[in-house]
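Structure first, commentary second.
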Amino acid sequence: MTGSNIENDLRVGYTFDDVLLIPQRSTISSRKDTNLQSNLSKNIRLNIPIISANMDTVTESNMAIKIASLGGIGIIHRFMTIEEQINEVLSVKRSEGIMIDQPVTIGQDGNVGQVKELMSLHKIGGILVKDDLNKLLGIITKRDLFFEYDDKKSVKEVMTKDLITAPEGTSLDDAKTIFINNKIEKLPIVDSSDELVGLITSKDIYKRDKFPISSKDGKGRLRVGAAIGVREEDVDRAIKLTEAGADTIVIDIAHGHSNHTINMISKIKDKIGKADIIVGNVATAEGTKDLIESGADAVKVGVGSGSICITRIVTGAGVPQLTAISDCVSVAKEHNIPIIADGGIRTSGDITKALAAGASTVMIGSMLAGTDESPGVIVSRPNGRYKMTRGMASLGAAVDRRIKETNSIDEQEMLEYVPEGVEALVQYRGQASEVIGKLVGGLRSGLSYCNAKDIIELQNNSKFIRITGAGKAESGAHDVHIVE
Ligand code: XMP
């Protein structure tokens, strides 16, 4: 008889609900004293260990901006054209910075209609006007367009010409003084020959003051990642995304422990500048080892763990998530490479357990899919408000992808498609900051229960206990009628 020997090979795989963390005598006086910084990848450190998932119902620029403002990072999904994905990355990069070094501009012969299009495409409220020699001529803001109904009117007629500018090297604090004294919102930066070199906005300074722990790159811009697949055209996608400023490229396929993935790492490694490569998904020590030895700067772990995944049902393959994390960490820590726990996070307690098992960060999908910042609209039902989410391997996602790529649909191909994900409604949860705030608060308390002032101490000190079904039932509210 061939095949795996069940008697000898069988191990028990655990997931979050199978265990609890044993409380320990705590020296932490306030949970506010805990430090949640953690490594996303070899060269990127985050202020909170939370990543929004590269799913088309979770992360486009709105979500990425919010998560990075709160100290984590968002990964822009890949189910759009290269140009669209680049624009999403640019929207994040332009949303905030010490100075926006490639502000959106238009020539004075452009018209109002084009300005409106640029404003809506880049989600910005002002466009600088310059000539062919890069000399600054003026600015058009939303206020200039308020009563401007004639889209054919030229930029020259509408723009504001008398501009207050500042020289290269102006600090944010100096810019803040200029904004306050002159009651303006945008400050173009020019060099000694009056050529445009950048733009500082009052919004950037407001955000710097409001979100002091946001994740930023060396230029003070919010960090963002972008996902790619393993097709030949994804090499070009990766190059263009990093040129647009993506801090990390996430090679993301369902079964990441594959030759395709490993080849892709070597194809892009030397072509994407300083961006880190995150690779996944795997669920084993062997998979982690192969990806790290091929050049991965972080490994994403989770096969079938996600809320909308049915991979384990359809294929029979997968590893319960806590065991998968622990197995992958056992190899990754020898190489000093962080592990991302991807999928299955439903509570702050799950995050504490994932990190205690050795993950450095967690990736979250459906918990964020129900927020204002995710793509899609709110759906009202008699029993509440919801948003749509779906597995990236669901039938709906596959159909939409095919229509987008080919403008048509091959019914036979879709009938033969075997989905490994589902489409679902998730409860509407308000702003992402509310969800993240609750998760972060719970995680800080979790650290305090484990006598850990930071995530490294949590990983070193934690002790798990396995629980039974009765223990699990006891863990939630029980034997009461919940009123809220
Ligand atoms: P949560 O539980 O946070 O999980 O919603 C998000 C993660 O689920 C993965 N994902 C899928 N897995 N089939 C799968 O088996 C799918 O169609 C699918 N879509 C997303 C992905 O890793 C994501 O981050």
Side-chain angles (χ1 to χ4, degrees), residues 15-17 40 49-60 63-64 67 72-79 225-229 248 250-258 261 278-283 287 298-322 324-325 328 339-351 353-354 359 361-371 374-376 386-401 417-427 429 432 435-436 439:
T15 193
F16 303 120
D17 275 354
L40 168 75
I50 294 180
I51 309 165
S52 66
N54 44 290
M55 294 165 64
D56 68 357
T57 51
V58 180
T59 310
E60 291 180 355
M63 180 66 77
I67 300 293
I73 194 168
I75 311 296
I76 307 284
H77 71 88
R78 63 187 165 94
F79 302 104
I228 63 165
T248 174
V250 179
I251 304 177
D252 181 68
I253 62 169
H255 184 25
H257 191 193
S258 73
T261 326
I278 295 174
V279 196
N281 277 18
V282 297
V299 174
K300 201 146 75 74
V301 172
V303 173
S305 46
S307 55
I308 36 54
C309 306
I310 51 170
T311 293
R312 295 180 190 170
I313 310 297
V314 173
T315 68
V319 176
Q321 185 66 344
L322 205 63
I325 296 168
C328 296
I339 289 294
I340 299 166
D342 176 18
I345 299 289
R346 302 147 306 165
T347 61
S348 47
D350 290 346
I351 301 182
K353 291 173 191 174
T361 56
V362 298
M363 178 172 264
I364 295 180
S366 70
M367 279 198 87
L368 290 169
T371 63
S374 71
Y386 299 87
K387 284 189 90 168
M388 255 288 290
T389 188
R390 61 184 183 184
M392 295 323 307
S394 65
L395 183 60
V399 168
D400 283 354
R401 220 153 37 225
Y417 182 76
V418 183
E420 287 186 28
V422 298
E423 294 162 69
L425 289 177
V426 284
Q427 206 178 0
R429 291 167 182 268
V435 174
I436 298 292
L439 293 178

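Atoms within each ligand, like the ligands themselves, are counted from 1 in listed order.
For ligand 1 and Ser307, the ligand atoms under 4.0 Å from any heavy atom of the residue are 1 (P), 2 (O), 4 (O), 5 (O). Using a 4.0 Å cut-off to heavy atoms of Ala393, the atoms of ligand 1 that qualify are 16 (C), 17 (O). Those atoms of ligand 1 with a heavy atom of Ser366 less than 4.0 angstrom away are 1 (P), 3 (O), 5 (O). For ligand 1, the atoms sitting less than 4.0 Å from at least one non-hydrogen atom of Ile364 are 3 (O), numbered in the order shown with element in parentheses. For ligand 1 and Ala53, the ligand atoms under 4.0 Å from any heavy atom of the residue are 24 (O). Taking a cut-off of under 4.0 Å to the non-hydrogen atoms of Glu420, the atoms of ligand 1 that pass are 13 (N), 14 (C), 15 (O), 16 (C), 17 (O). Within the listing of ligand 1, atoms 8 (O), 10 (N), 11 (C), 18 (C), 19 (N), 20 (C) sit less than 4.0 angstrom from a heavy atom of Ile308. Taking a cut-off of under 4.0 Å to the non-hydrogen atoms of Gly343, the atoms of ligand 1 that pass are 2 (O), 4 (O).
Between atom CG of residue Leu368 and atom OG of residue Ser52 there is a gap of 6.0 Å, rounded to the nearest 0.5 Å. Rounded to the nearest 0.5 angstrom, Lys353 NZ and Ile351 CD1 are separated by 12.0 Å. The OG atom of Ser374 sits 3.0 Å away from the NZ atom of Lys387 when rounded to the nearest 0.5 Å. A distance of 14.5 Å separates CE in Met392 from CD1 in Ile253, rounded to the nearest 0.5 Å. Note that the OG1 atom of Thr361 and the CD1 atom of Ile340 stand 4.5 Å from one another [nearest 0.5 Å].
Side-chain N/O atoms of Ser366 and Thr389 include no donor and acceptor closer than 3.5 Å.
Contact annotation for Met55 and ligand 1: only side-chain heavy atoms (C-beta onward) come within less than 4.0 Å of the ligand. Contact annotation for Asn281 and ligand 1: only side-chain heavy atoms (C-beta onward) come within less than 4.0 Å of the ligand.
Under a 4.0 Å heavy-atom criterion, Ala254 is not in contact with ligand 1.
Here the heavy atom of the protein found nearest to atom 21 (C) of ligand 1 is Asp342 OD2, 3.6 Å. The protein non-hydrogen atom at the shortest distance from atom 15 (O) of ligand 1 is Thr311 OG1, 2.5 Å. Protein heavy atom in closest approach to atom 18 (C) of ligand 1: Met392 N, 3.5 Å. For atom 3 (O) of ligand 1, the closest heavy atom belonging to the protein is Gly365 N, 2.7 Å.
Between Asp252 and Asn281 the shortest side-chain heavy-atom distance falls below 4.5 Å. Using a 4.5 Å heavy-atom cutoff, the side chains of Arg78 and Val250 are not in contact. Here the side chains of Asn54 and Phe79 are not in contact, with every heavy-atom distance at 4.5 Å or above.
Between His255 and His257, the ring-plane angle classifies as perpendicular under the 30° and 60° cut-offs.
Nearest to atom 9 (C) of ligand 1 by heavy atom, out of Cys309, Ser52, Gly256, Pro419, is Cys309. Distances from atom 4 (O) of ligand 1 to the heavy atoms of Gly306, Ala369, Ala398 put Gly306 nearest.
Under 4.0 Å is where a charged nitrogen must lie from a carboxylate oxygen, and between Asp56 and Arg390 at least one such pair does.
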